[in-house]
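Have a look at the structure below before the remarks.
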Amino acid sequence: MERIPILRMGDTLLVTVQVDMHDQLAVRLLDDLTEMITKARARGVLIDISALDMVDSFIGRMIGDVAATSRILDATTVVCGIQPAVAITLVELGMSLAGVRTALDVEKGMELLRAAAQD
Amino acid sequence: MPQPRTDSEGGALRIEIAEGQDVVQVRQRAREKAQAAGFTLTEVTKIVTAASELARNTLEHGGGGWAEVGVVATGVRRGVRMVFHDEGPGIADVDQALRDGFTTGGGLGLGLGGSRRLLSELTIDSVPGRGTTIVAVRWK
Ligand SMILES: Nc1ncnc2c1ncn2[C@@H]1O[C@H](COP(=O)(O)OP(=O)(O)OP(=O)(O)O)[C@@H](O)[C@H]1O
Ligand SMILES: [Mg+2]
């Protein structure tokens with residue numbers, strides 16, 4: 001079964017989305033992440049979408065759902081690498097990704113997760 | 001077999017939309033055509049995103065159908081023209097469907113209204129019980 005791999009680094013889960021995801025693949029990723037947060041007792045989830053050249057309302061909603069679900073499970077989600085053209089389009093589409101923490105790149109995202117783990 | 005159709009620049013092949021992977025294919029076709037028409041990266045991204053929203057609606061709400069994406073040129077204007085067609089339940093109230101936040105499914109209700117903002121023209125032709133045809137154009 002086609003899957004987006006999830007990498008575990010200590011108490012952080014790292015996902016690098018590199019393919020143009022069809023909807024079922026995005027849903028599967030949400031399911032897999034939710035399961036892994038509990039199993040791995042993760043405190044942070046970092047989703048790198050720098051390779052994604054489009055985020056529509058479905059993928060946007062999936063990202064929002066990951067953030068909301070992880071919060072309930074006492075983990076923080078950071079999305080990093082959003083391309084400027086994608087950000088502009090998301091806003092015009094009407095998706096503000098409110099409640100989702102973002103960072104410029106993986107390094108900044110990791111810093112944000114470390115800081116979040118301190119409080 | 002669906003019959004290939006050509007437009008003024010050729011190559012508006014029909015893409016059948018029957019599953020999630022077909023929506024990805026519509027996105028890829030929209031990207032190719034938008035790039036061929038000479039749009040900037042941001043404009044290409046907007047066109048591809050709208051294509052994704054409309055193709056998903058064809059699949060999820062229309063029960064499947066087809067899409068055609070092509071480059072159009074009228075005089076000095078160039079653009080990308082996309083047609084989405086299904087023979088599903090149709091849209092009872094088009095104005096309501098275009099409103100942000102309106103959904104009959106579990107979505108966010110952003111697809112139609114958002115697509116209209118991302119494009120230059122969005123014409124919805126829908127007959128309840130018969131189906132929906134959407135013609136969408138982004139001019140340069
Ligand atoms: N091809 C179609 N056939 C029938 N109904 C449609 C079609 N496209 C849209 N609609 C109707 O219009 C509503 C609004 O569509 P829109 O794309 O804006 O939101 P959504 O698909 O419900 O959610 P989202 O796109 O944000 O995930 C839909 O819920 C549906 O009732
Ligand atoms: Mg929709």
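On a predicted model such as this, the values are computed, not experimentally measured, just so you know. Lettering follows sequence order; numbering is per chain, from 1.
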From Glu92(A) atom CD to Leu110(B) atom CG, the distance as rounded to the nearest 0.5 Å:
12.5 Å

Only pairs of heavy atoms separated by less than 4.5 Å count here; which of Gly94(A), Gly60(A), Pro84(A), Ser57(A) has the most with chain B?
Ser57(A)

Using the rule that Ile, Leu, Val, Met, Phe, Trp and Tyr join whenever any side-chain heavy atoms are under 4.5 Å apart, tell me whether Leu113(A) and Leu13(A) fall into a single cluster.
no

If you count heavy atoms of other groups shown closer than 6.0 angstrom to CZ of Arg117(B), is the number above 12?
yes

Is Ile47(A) linked to Leu112(A) within one hydrophobic cluster, defined over Ile, Leu, Val, Met, Phe, Trp and Tyr using a side-chain heavy-atom separation of less than 4.5 Å?
no

Tell me which of these, Gly101(B), Gly106(B), Gly113(B), Gly111(B), has more heavy-atom pairs under 4.5 Å with chain A than the rest.
Gly106(B)

For the CG atom of Leu108(B) and the CG atom of Asp56(A), what is their distance to the nearest 0.5 Å?
10.5 Å

Same cluster or not: Val23(B) versus Ile59(A), using hydrophobic residues (I, L, V, M, F, W, Y) connected whenever any side-chain heavy atoms lie under 4.5 Å apart?
yes

Check whether Arg116(B) gets within reach of chain A through its side chain, its backbone, both or neither, counting any heavy atom under 4.5 Å.
neither

Within this structure, what is the CD-OG1 distance for the pair Glu43(B) and Thr89(A), rounded to the nearest 0.5 Å?
10.0 Å

Checking side chain to side chain contact (heavy atoms under 4.5 Å, CB included) for the pair Thr45(B)/Ile88(A): CA distance, chi angles, key distance, verdict?
CA-CA 9 Å; Thr45(B) 306; Ile88(A) 292 168; over 6 Å; no

Against chain B, label Asp23(A) side chain, backbone, both or neither, depending on which of its atoms sit under 4.5 Å from a heavy atom there.
side chain

hydrophobic_cluster_shared for Val27(A) and Val15(A), side chain cutoff 4.5 Å:
no

Can you tell which part of Gln24(A) gets under 4.5 Å to a heavy atom of chain B, answering side chain, backbone, both or neither?
side chain

Could you pull out the closest heavy-atom pair between Arg61(A) and Gly107(B), with the gap in Å?
NH1-CA, 3.4 Å

Rounded to the nearest 0.5 Å, how far does CG of Leu93(A) lie from CD of Glu53(B)?
5.0 Å

Hphob cluster co-occupancy, Leu29(A) + Val86(A), side-chain heavy atoms under 4.5 angstrom:
yes

Give, as side chain, backbone, both or neither, the part of Val48(B) having an atom under 4.5 angstrom from any heavy atom of chain A.
both

Met21(A) versus chain B, the contacting section by heavy-atom distance below 4.5 Å
backbone

